[in-house]
Chemist: 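Once you've had a glance at the structure underneath, I'll fire off some questions.
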Amino acid sequence: MMNFRFVITVLSLFFLSTLAKAQYTMHKMINVGYVYQNQSFGELGGKLLFLKNDDVIYRVGASALMGSTHSKFAIMPKLQADVLLNFEKNVDFYHSYYFLAGVEGTNKYIAPKVGVTLFGLLDLTAGYAFPIGGAELNGKQLKGVNVNFTLNIPTVFIHDMFK
């Protein structure tokens, strides 16, 4: 548990220090998705997106992973931090895709990940999870290949639907 707190603290300080250099715009998003980590989980949470221009975008988020392990329902908290990169200039369709690098962590594992995202709204990532100590979820250790498929919905769209 101590290693998990240390990693989250270091990541938070890194991202907050990069944000302190310039004026960034922040957007709130709701995310829903699917996570495979030795078993299937549904994901529901929120993210904050920080950008100064469209080339480099930072995202931080928190969500809940919900699934069944050994016929027992379980919920795990998840924190994540991502950097979205696209350095393509002079394109007609502005930055339709981004390369994504990030890390996610729960109270059971930490997983670095890479992937792609379409408009920052639809993510497909893969990584490898490293268990924290001997942490298990209902008797099952969560380690190995990690795959995420996530839909990020900006709250502005939801607000505009009900005007």
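Because the structure is a prediction, the values reported are computed rather than measured. In this chain, residues are counted from 1 in sequence order.
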Chemist: Drop me the distance from E104's CD to N148's CG, to the nearest 0.5 angstrom.
Modeler: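 Output value for this atom pair is 4.5 Å.
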Chemist: How about L65 and T106: do any of their side-chain heavy atoms sit closer than 4.5 Å?
Modeler: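 In contact.
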Chemist: Looking at F99, I'd like to know if its CZ atom is crowded, meaning that more than 12 non-hydrogen atoms belonging to other residues, nucleotides or ligands lie closer than 6.0 Å.
Modeler: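 Open.
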Chemist: Say whether L51 and L100 are linked into one hydrophobic cluster, either directly or through other cluster members, by side-chain heavy-atom distances under 4.5 angstrom.
Modeler: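 Linked, L51 and L100 end up in one cluster.
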Chemist: When you look at Y98 and I57, which way does the side-chain contact (heavy atoms from CB on, under 4.5 Å) test go after all the steps?
Modeler: CA-CA 9 Å; Y98 292 85; I57 299 174; 3.7 Å; yes
Chemist: In terms of hydrophobic clustering (I, L, V, M, F, W, Y; side-chain heavy atoms under 4.5 Å; direct or indirect links), are I132 and V103 co-clustered?
Modeler: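 Yes, because I132 and V103 connect within a single hydrophobic cluster, where side-chain heavy atoms sit under 4.5 Å apart.
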Chemist: Once you round to the nearest 0.5 Å, how far does CG of L151 lie from CG of N31?
Modeler: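 Reported to 0.5 Å precision, the distance equals 8.5 Å.
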Chemist: Indicate the atoms forming the closest heavy-atom contact of A74 with N138, along with that distance.
Modeler: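 Heavy atoms only, the tightest pair is CB-ND2, 3.8 Å.
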Chemist: Check whether the side chains of Y97 and T117 place a donor and an acceptor atom closer than 3.5 Å, and report yes or no.
Modeler: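 Their side chains do not contain a donor-acceptor pair, so the 3.5 Å distance test is not met.
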Chemist: Identify the heavy atoms of S63 and G45 that sit nearest to each other, and give their distance.
Modeler: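 The answer is CB-CA, 3.6 Å.
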Chemist: What's the separation between atom CG in L124 and atom NZ in K113, rounded to the nearest 0.5 Å?
Modeler: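 L124 CG to K113 NZ: 11.0 Å, rounded to 0.5 Å.
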Chemist: Find out whether L48 and R59 are in side-chain contact, i.e. whether some heavy atom of one side chain is under 4.5 Å from a heavy atom of the other.
Modeler: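 No. Closest side-chain heavy atoms not under 4.5 Å.
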Chemist: Taking I153 as the starting point, is it possible to reach M66 by hopping between hydrophobic residues whose side chains are less than 4.5 Å apart?
Modeler: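 Both belong to a single hydrophobic cluster.
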Chemist: Looking only at non-hydrogen atoms, find the nearest pair between L142 and A129 and report the distance.
Modeler: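 So the two residues come closest at O-CB, 4.4 Å.
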Chemist: Say you draw a straight line from CD of Q37 to CG of N146; how long is it, rounded to the nearest 0.5 Å?
Modeler: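 Q37 CD to N146 CG: 4.5 Å, rounded to 0.5 Å.
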Chemist: When clusters are formed by joining ILVMFWY residues with side-chain heavy atoms under 4.5 Å apart, either directly or through shared neighbours, do M26 and V83 land in the same one?
Modeler: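 In one cluster: yes.
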Chemist: For the CD atom of Q39 and the CG atom of L137, what is their distance to the nearest 0.5 Å?
Modeler: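 With rounding to 0.5 Å, CD (Q39) is 6.0 Å from CG (L137).
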Chemist: Picking from L49, D123, V32, what satisfies side chain to side chain contact (heavy atoms under 4.5 Å, CB included) with N152?
Modeler: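 Output: one option passes, namely D123.
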Chemist: Is there side-chain contact between K28 and K47, with at least one heavy-atom pair below 4.5 Å?
Modeler: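 Heavy-atom side-chain distance check fails, nothing below 4.5 Å.
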Chemist: Under 4.0 Å between a Lys/Arg side-chain N and an Asp/Glu carboxylate O for E136 and K108?
Modeler: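 No, E136 and K108 are not salt-bridged.
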Chemist: Side chains of V35 and F149, heavy atoms from C-beta outward: is any pair under 4.5 Å?
Modeler: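 Side-chain contact under 4.5 Å: no.
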Chemist: Assigning hydrophobic clusters by single linkage (Ile, Leu, Val, Met, Phe, Trp, Tyr; side-chain heavy-atom cutoff under 4.5 Å), is Y34 placed with V145?
Modeler: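 As far as the 4.5 Å side-chain criterion goes, V145 and Y34 are connected within one cluster.
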Chemist: Within the supplied structure, the quantity of interest is the number of heavy atoms (other residues, nucleotides, ligands) at a distance under 6.0 Å from K143 NZ; does it exceed 12?
Modeler: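 12 or below, so no.
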Chemist: When the ring centroid of Y128 is compared with that of F130, is the distance short of 6.0 Å?
Modeler: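 Yes; F130 has its ring centre under 6.0 Å from that of Y128.
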Chemist: Supply the atom-to-atom distance T155 OG1 to H27 NE2, rounded to the nearest 0.5 angstrom.
Modeler: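 With rounding to 0.5 Å, OG1 (T155) is 9.5 Å from NE2 (H27).
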Chemist: Check G102 against D82 and note the closest heavy-atom contact, atom names and distance.
Modeler: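 Minimum heavy-atom contact is CA-OD1, 3.7 Å.
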